[in-house]
There are 2 protein chains.
Amino acid sequence: MDVRTICLGLLSVAERSGYEIKKLLEEGPLGNFVDASFGSIYPALTRMTEDGLVEFRTEEQEGRPDKKTYSITPRGRAVFREALEGPIAPDRHRSDFLFVLMFADQLSPERMTEVIDERLAFYEEKLREIRAELGDGASPGPQFVAGHAIAIFEAAKSYLEEHRHTLEEQQNQRSASGMMAAAPAD
Amino acid sequence: MDVRTICLGLLSVAERSGYEIKKLLEEGPLGNFVDASFGSIYPALTRMTEDGLVEFRTEEQEGRPDKKTYSITPRGRAVFREALEGPIAPDRHRSDFLFVLMFADQLSPERMTEVIDERLAFYEEKLREIRAELGDGASPGPQFVAGHAIAIFEAAKSYLEEHRHTLEEQQNQRSASGMMAAAPAD
DNA sequence: AGAAACATGTAATCGGTTACATGATTAT
DNA sequence: ATAATCATGTAACCGATTACATGTTTCT
């Protein structure tokens with residue numbers, strides 16, 4: 001999903017400024033699965049205005065740049081509808097954390113404990129965050145997405161809690177066997 | 001994690017060619033959480049050879065380009081160790097699927113059913129795939145990563161199965177209420 | 001006093017993808 | 001026959017990130 005489609009989607013629900021779009025992507029349920037920076041949002045909005053997919057109204061403000069509130073045009077809606085009906089690209093879940101754990105046997109016991117504990121703390125905070133946001137008034141779409149985020153964070157957390165010992169036990173063996181080191185098997 | 005570190009990691013376990021690295025990233029447990037294309041792997045390997053992090057031995061072959069089998073050098077190992085000890089970037093999970101479901105109320109019932117059924121089929125295939133790969137002989141790291149993939153795919157699958165009705169019921173309501181259409185609330 | 005929120009925009013850079021180039025062997 | 005696997009490499013392109021530029025108000 002490119003930044004243009006993302007903006008179009010958010011604007012299909014309500015009119016918003018570029019700044020507000022960024023905030024929604026940081027804080028909303030979508031925050032966990034979609035991302036875009038100011039440096040991509042503002043140019044996308046400008047370009048889509050040229051293409052007639054969105055239009056904006058300027059609200060004058062003191063002390064700040066004038067706020068540009070964008071709304072989607074009928075053409076924009078049509079383009080977005082096509083995006084919703086077209087093929088959906090597969091998820092891409094990149095995890096440096098899991099990459100690091102792949103090489104568990106090269107980690108010191110302290111490092112292992114550190115990264116795992118940090119991760120668990122992260123999951124807990126994330127879960128608290130999402131549950132706080134999740135007011136009961138949300139419509140089905142956002143509600144579903146937030147719930148999905150909770151489901152997978154919880155699954156990841158439980159898995160880590162229940163299986164960390166498989167990584168930590170090995171650590172003990174390595175410590176126990178002294179300085180034999182050398183490259184382990186695949 | 002950049003491509004260089006990824007290659008270094010795989011080479012820290014055993015010597016491999018660029019082609020084999022690509023295959024491991026497609027098929028191994030890491031396949032779900034790490035990615036790199038030939039167009040980035042080959043240049044990375046060349047550059048790391050120049051930097052003395054890896055070295056290669058050429059195996060002559062007929063009918064194909066000579067195979068270059070890379071192995072990690074002590075300096076490469078040191079660099080990789082540093083990467084393992086440095087800060088771990090947060091996961092980035094991008095999902096066009098969830099983006100689309102965010103706008104559930106703009107989807108036709110047929111489309112909704114289609115995307116959900118496709119997704120469930122995808123989860124099932126993916127799970128079969130991972131379980132097939134997951135020989136019992138794997139070392140703790142890879143075993144953990146594969147298990148993690150299974151855990152989150154299963155969680156996602158269950159969540160979708162158990163909550164798809166929240167999206168589909170709304171669809172019925174829309175159908176029932178006729179052609180009232182118009183923009184829904186946030 | 002200082003940080004964070006509000007608000008938009010541009011330019012340089014960059015890592016990575018896609019497509020191209022080449023071509024035999026093996027499995028379906 | 002045709003597709004897939006094996007095998008490396010380059011070049012063009014591209015979307016996006018990061019940093020820069022500017023400046024007030026409000027919260028801590």
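- Distances shown here put a side-chain N or O of A:Lys68 below 4.0 Å from the OP1 or OP2 atom of C:dG9.
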Give me, pair by pair, the N or O atoms of the protein and of nucleotides 16-26 of chain D that are less than 3.5 Å apart, along with how far apart they are.
residue, atom, partner, partner atom, Å
D:dT17, OP2, A:Ser37, N, 3.3
D:dT17, OP2, A:Ser37, OG, 2.7
D:dT17, OP2, A:Ser40, OG, 3.4
D:dT24, O4', A:Gly63, O, 3.0
D:dT24, O2, A:Arg64, NH1, 3.3

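- Separating the CZ atom of B:Arg16 from the C1' atom of D:dT8 is a distance of 19 Å, rounded to the nearest angstrom.
- Atom CD of A:Glu60 has 12 or fewer heavy atoms from other residues, nucleotides or ligands within 6.0 Å.
- A salt bridge does not link A:Glu50 with A:Arg47: none of the charged nitrogens is closer than 4.0 Å to a carboxylate oxygen.
- Remark: B:Lys22 engages B:Glu26 in a salt bridge, criterion side-chain N to carboxylate O under 4.0 Å.
- Distance, A:Glu50 CD to C:dG9 P: 12 Å, rounded to whole Å.
- Counting non-hydrogen atoms under 4.0 angstrom, A:Ser17 reaches the backbone sugars and phosphates but no base.
- Using cut-offs of 30° and 60° on the angle between ring planes, the pair A:Phe153 and A:Phe122 is perpendicular.
- Atom-to-atom, CG of B:Asp66 to C1' of C:dG23 comes out at 13 Å; the value is rounded to the nearest Å.
- Taking atom CD on B:Glu27 and atom P on D:dA4, their separation rounds to 14 Å, with Å as the unit.
- Nearest nucleotide to the B:Tyr19 side chain, out of C:dT8, D:dG9, D:dT8: D:dT8.
- Ion pairing between a basic and an acidic side chain is recognised when a charged N comes within 4.0 Å of a carboxylate O; A:Asp117 and A:Arg164 show such pairing.
- Cation-pi check for B:Arg16 over B:Tyr70 is not met; the charged atom does not lie both under 6.0 angstrom from the ring centroid and within 45 degrees of its normal.
- Look at CD on B:Glu60: it is 18 Å from P on C:dA24, rounded to the nearest Å.
- Between A:Glu154 and A:Arg131, at least one side-chain nitrogen of the basic residue sits less than 4.0 Å from a carboxylate oxygen of the acidic one, meeting the salt-bridge criterion.
- At whole-Å resolution of the value, CG in B:Leu45 and P in D:dT10 are 12 Å apart.
- Rounded to whole angstrom, the span from the CD atom of A:Glu26 across to the C1' atom of C:dC6 amounts to 13 Å.
- Between A:Gln61 and C:dA7 there is a side-chain polar atom (N or O) within less than 4.0 angstrom of OP1 or OP2.
- In this structure, B:Lys22 places its NZ atom 13 Å from C1' of D:dT8, rounding to the nearest Å.
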